[in-house]
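As a basis for the values below, the full set of heavy atoms in this structure was taken, side chains included, without hydrogen atoms, waters or symmetry mates.
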Amino acid sequence: MAKILADQFMVTYDEEVGVVYVPRKGIVKTTTPKHAKAIEVCLADYFNGNMSSQDKAAFENYMEKALKGVDDLPIAPCKAMNERDMLRRIEIVIANDCNLRCRYCYAHGGSYDMKIQRMTPDIVCNYLTKLLIGKYRYVSIVTFFGGEPTLCPDTIEAVCKFFAENVERGLLEKMPVFLMVSNGTLIDENMADIIHKYEIHVTISVDGPPEINDLFRVDAAGNGTFLKVSKGIDALNKAGSAPVLLEATYTAKHKEMGYTKEGIQDYLKNYFHAKRVLVADCVSGGIEENLEYTDWEIHTSNDGDFLSCDIRNTYNCLTCGVFKTTGCDVAFGSCVLLPNGEIYPCHSFINKPEYRMASYNENDHCFDFSDYENVLLKFEKIDKLKSNRCADCWAKPVCLSCPAALLLEEFSESLDAECYTRRILEKHMILKCAKLSLAKKQSD
């Protein structure tokens, strides 16, 4: 008979099914909603001290039987970059420059407050050669980022050719999946053809109808950009490579003007015939902090999908059979490469020198990773088994926690709210995964 711990069980249910999740063991047990609710009540009474000693002992024995003979999940710590033979993702900042001046831009016009630079085809191919060839078998994902990456179409094409040629030579095992985040205003026929040829999956940023989009997403002269974005999306559609995602930033001004998240999503889906639209909160107001908007409620689209959570992550965590000590592998299996040859964990850490993992040494023509160990030491603070924030949280095994938020906003009240909302969100996701699993079993 063992004492029940705060992070040992999670119970959720709806009118159709109940679920008892045992995080440490990776167990998801389905039951009736009535039974799940009874366990939930007993757990609340147990932790609130509303049970007699006899009832506590009986409840502990009852819950212990559900765990008998099941081992805890094996722990799978993240391997460092120099211990791997593949990388999950490289984010390439093609240019820390942008043709727009969005009013809420956290990157300050794409520059990240650094000297503005654009990668040339020769520079990016040299960086990738020195970073990858002879060290890694492949890279799973390459993301073109900025600033605005389409300022340099030749460089984007050079990256794609680099991987194709090195796969052909046998120096890399396979092609990566190419992703791009773009404002869409510079996508012409040539850029669209490159995107189509190399199957680049493009996310386009657009904030809603012209009257709201053109308040925020403006060019250097202050002109609205909706029509230019529309032309860019048209070019992609004609090339046969429609955007995989439209992403809108929802601001305090949206709410003031009467636009709801659901309304923005519906408009963009209908106007652009888009299959996927994400409406994200403006959590950093750039030079205009009054635009910041954070709503920790859970919003769903008309078809019931969660806007702020990808169910695949929850499903993968539930079925992988191991406990991963980090929610995101930046600094370990993923990194961002800048035009000046610096490498950071991801774009959220750019221009924070204490998180610089490496820099390109022009004299030795190689990357100097001498700062990397110090960065890894900082990331130890957010190991889910070491972090005080995660200690009593049942959601540890499924939480896709953001290292930038955990490290850069360590004492932020918004981080507390985000953790609270993440737990609610994961409850929904686990219930949904359980129901999908049941439906699959019934159909087999």
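Salt bridge E426/R423: absent, no basic N to carboxylate O contact under 4.0 Å. No salt bridge links D85 with K135; every basic N to acidic carboxylate O contact stays at or beyond 4.0 Å. Between D14 and K435 there is a salt bridge, since a side-chain N of the basic residue sits under 4.0 Å from a carboxylate O of the acidic one.
Aromatic ring pairs are classed by plane angle as parallel below 30°, tilted from 30° to 60° and perpendicular above 60°; the pair F367 and F369 is tilted.
Of the possible polar contacts, one joining the T260 side chain to the G263 backbone as a donor-acceptor pair under 3.5 Å is found. When atom types are taken as modelled, the side chain of N213 and the backbone of D207 share a donor-acceptor pair closer than 3.5 angstrom. With hydrogens and angles ignored, the 3.5 Å screen pairs no side-chain donor or acceptor of Y259 with any backbone N or O of T251. With N166 contributing its side chain and F162 its backbone, the two residues share a donor-acceptor pair below 3.5 Å. Side chain of T155 to backbone of M119: a donor-acceptor contact under 3.5 angstrom is found. When atom types are taken as modelled, the side chain of D55 and the backbone of M51 share no donor-acceptor pair closer than 3.5 angstrom. In this structure, T421 contributes its side chain and A417 its backbone to a donor-acceptor pair below 3.5 Å.
Looking only at side-chain heavy atoms (C-beta outward), P243 and N237 come within less than 4.5 Å of each other. Residues R389 and C419 form a side-chain contact, since some pair of their non-hydrogen atoms from C-beta on lies under 4.5 Å apart. Inter-residue side-chain proximity for V142 and F163 is flagged as met; some heavy-atom pair is nearer than 4.5 Å. Residues L179 and F144 have side chains not in contact (no heavy-atom distance under 4.5 Å, counting atoms from C-beta outward). Contact check for S182 versus E148: side-chain heavy atoms found under the 4.5 Å cut-off. The shortest side-chain heavy-atom distance between T143 and I141 falls under the 4.5 Å cut-off. With contacts defined as side-chain heavy-atom distances shorter than 4.5 Å, the pair C328/P403 qualifies.
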Step-by-step side-chain contact (heavy atoms from CB on, under 4.5 Å) determination, L67 to F9: CA-CA 11 Å; L67 310 179; F9 298 97; 3.9 Å; yes

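The ring pair (Phe, Tyr, Trp, His ring centres under 6.0 Å) check on Y138 picks up nothing, with sequence neighbours excluded. Applying the salt bridge (Lys or Arg N to Asp or Glu O under 4.0 Å) test to E173 and every residue at least two apart in sequence or in another chain returns R137. F216 is linked by a ring pair (Phe, Tyr, Trp, His ring centres under 6.0 Å) to H254, counting only residues two or more places apart in sequence or in another chain. Every residue two or more places apart in sequence or in another chain was checked for a salt bridge (Lys or Arg N to Asp or Glu O under 4.0 Å) with E15, and none qualifies.
Using a 3.5 Å distance cut-off with no hydrogens or angles, the side chains of S140 and R88 do not pair a donor with an acceptor.
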Would you give me the side-chain donor-acceptor pairs under 3.5 Å for residues 348-360, sequence neighbours excluded?
{"unit_1": "N351", "atom_1": "ND2", "unit_2": "Y112", "atom_2": "O", "d": "3.0"}
{"unit_1": "R356", "atom_1": "NH1", "unit_2": "E342", "atom_2": "OE2", "d": "3.4"}
{"unit_1": "Y360", "atom_1": "OH", "unit_2": "N126", "atom_2": "ND2", "d": "3.0"}

Without placing hydrogens or testing angles, list every side-chain donor-acceptor pair under 3.5 Å for residues 68-82, not counting sequence neighbours.
{"unit_1": "D72", "atom_1": "OD1", "unit_2": "K25", "atom_2": "NZ", "d": "2.9"}

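Under a cut-off of 6.0 angstrom, the local environment of NZ in K384 is crowded, with over 12 non-hydrogen atoms contributed by other residues, nucleotides or ligands.
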